[in-house]
Amino acid sequence: RKKENFPPDVSVGRLVSVPPPSSQLDTRDKLWRLHSALEQCHSLLERAIAKEEEELCGEEKGEYENRRKTVKDRLLFLLNHTRELLRAADSSSIFTPSLDGSELDDPATLFQLKWWVYRIFMEVKYWSQTAITVLQELQSDTAKTPSKLSKRSARR
């Protein structure tokens with residue numbers, strides 16, 4: 001943002017489309033919402049990387065490329081773990097809403113491309129921070145729920 005002189009107070013807006021948060025959602029539903037958002041972030045990031053490589057013809061090397069790869073790898077790691085948590089929660093299906101078609105238009109100028117990539121990184125940041133909250137709630141809920149094994153032990 002600083003390198004490209006993007007104003008700090010500009011509203012970025014959401015690129016990811018998931019149901020709005022609700023206190024009525026149980027932990028599994030929050031996990032599904034998170035997984036869906038992370039899946040969309042991954043898809044957007046893949047598309048942005050391909051578009052950057054196409055437009056910049058490999059000019060962006062070095063530190064930026066390394067950081068971008070790190071973000072992509074960590075996002076994929078988080079995505080895989082939320083998928084496994086959903087499977088462990090016996091979620092019958094993992095449905096991911098499609099992206100809004102208007103956001104899939106290719107940026108026309110280099111500045112628009114950079115702004116679009118910036119917005120994608122802001123989505124990844126937002127949903128990564130949301131993951132911390134949801135996973136902490138999941139851990140808290142798990143700690144509150146006694147396991148079946150401990151109930152059996154108590155009966156003996």
Side-chain angles (χ1 to χ4, degrees), residues 1-22 25-142:
R1 184 186 59 77
K2 290 177 185 176
K3 185 176 179 181
E4 295 301 329
N5 294 318
F6 295 147
D9 58 347
V10 172
S11 175
V12 176
R14 297 275 79 131
L15 294 174
V16 170
S17 173
V18 294
S22 168
L25 293 177
D26 65 13
T27 305
R28 189 190 69 71
D29 290 336
K30 289 178 185 176
L31 187 60
W32 173 86
R33 182 177 175 273
L34 172 64
H35 177 76
S36 177
L38 292 172
E39 185 76 49
Q40 291 177 61
C41 285
H42 182 258
S43 177
L44 283 167
L45 189 57
E46 286 285 337
R47 184 177 170 117
I49 290 170
K51 186 67 177 169
E52 278 182 321
E53 289 175 356
E54 174 187 318
E55 290 295 318
L56 302 175
C57 301
E59 290 177 27
E60 293 288 335
K61 296 288 183 192
E63 184 180 348
Y64 173 74
E65 190 174 69
N66 290 336
R67 286 185 180 196
R68 185 179 69 187
K69 182 182 180 331
T70 299
V71 168
K72 180 182 167 187
D73 291 346
R74 290 179 180 176
L75 177 60
L76 193 55
F77 180 81
L78 189 55
L79 181 60
N80 289 332
H81 280 284
T82 57
R83 181 180 298 118
E84 291 303 315
L85 286 170
L86 279 170
R87 285 185 183 136
D90 208 19
S91 183
S92 57
S93 65
I94 298 175
F95 170 76
T96 302
S98 63
L99 296 171
D100 178 0
S102 65
E103 295 300 340
L104 294 177
D105 293 338
D106 286 337
T109 66
L110 184 57
F111 178 80
Q112 288 174 340
L113 173 63
K114 289 180 178 185
W115 179 246
W116 183 63
V117 169
Y118 173 74
R119 291 180 64 200
I120 292 169
F121 281 119
M122 291 297 94
E123 285 291 318
V124 171
K125 178 182 177 185
Y126 173 81
W127 288 105
S128 296
Q129 291 171 337
T130 301
I132 293 168
T133 304
V134 170
L135 295 174
Q136 285 174 339
E137 287 175 15
L138 180 63
Q139 183 179 15
S140 175
D141 289 350
T142 303

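Across Ser36 and Val18, no two heavy atoms sit closer than the pair OG-CG1, 3.7 Å. The heavy-atom pair separating Pro107 from Leu113 by the smallest distance is CB-N, 3.4 Å.
If you take CG on Leu34 and CG on Leu86, they are separated by 8.5 Å, rounding to the nearest 0.5 Å. Between the CG atom in Leu44 and the NZ atom in Lys51 there is a gap of 14.5 Å [rounded to 0.5 Å]. The CD atom of Gln40 sits 9.5 Å away from the CG atom of Leu38 when rounded to the nearest 0.5 Å. Within the model, atoms NZ of Lys30 and CG of Leu138 stand 10.5 Å from one another, a figure rounded to the nearest 0.5 Å. Here the CG atom belonging to Leu45 is positioned 7.0 Å from the CD1 atom belonging to Ile120, to the nearest 0.5 angstrom. Taking CZ of Arg14 as the reference point, atom OH of Tyr126 lies at 5.5 Å (rounded to 0.5 Å).
Within a 6.0 Å radius of NZ in Lys72, other residues, nucleotides and ligands contribute 12 heavy atoms or fewer.
For Arg119 and Glu123, the salt-bridge test fails: no basic side-chain N is under 4.0 Å from an acidic carboxylate O. At a threshold of 4.0 Å, the pair Asp73-Lys69 counts as salt-bridged, since one of the basic side-chain nitrogens sits closer than that to a carboxylate oxygen.
The side-chain heavy atoms of Tyr64 and Glu52, taken from C-beta on, include a pair separated by under 4.5 Å. Counting only heavy atoms from C-beta outward, the side chains of Arg87 and Arg83 approach each other to under 4.5 Å. Using a 4.5 Å heavy-atom threshold, the side chains of Val71 and Arg67 count as separate. By the 4.5 Å heavy-atom criterion applied to side chains, Cys41 and Val16 are counted as neighbours. Using a 4.5 Å cut-off on side-chain heavy atoms (C-beta onward), Asn80 and Leu75 make no contact. Side-chain contact between Leu110 and Lys114: present, with at least one pair of heavy atoms (C-beta onward) separated by less than 4.5 Å. Counting only heavy atoms from C-beta outward, the side chains of Ile132 and Gln136 approach each other to under 4.5 Å.
Looking only at distances, no side-chain donor or acceptor of Glu39 sits under 3.5 Å from a matching main-chain atom of Leu79. Side-chain atoms of Ser128 come within 3.5 Å of backbone atoms of Val124 as a donor-acceptor pair (strictly under, hydrogens ignored).
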Criterion side chain to side chain donor-acceptor pair (under 3.5 Å) on Trp116 and Gln112, from CA distance to verdict: CA-CA 6 Å; Trp116 183 63; Gln112 288 174 340; over 6 Å; no

Intermediate values then yes/no, side-chain contact (heavy atoms from CB on, under 4.5 Å), Arg33 and Trp127: CA-CA 10 Å; Arg33 182 177 175 273; Trp127 288 105; 3.6 Å; yes

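Considering Glu53, Glu46, Glu63 in turn, Glu53 is the only one that fulfils the salt bridge (charged side-chain N to carboxylate O under 4.0 Å, His left out) rule with Arg68. If you run side-chain contact (heavy atoms from CB on, under 4.5 Å) between His35 and each of Leu85, Leu78, Thr82, Val134, only Thr82 comes through.
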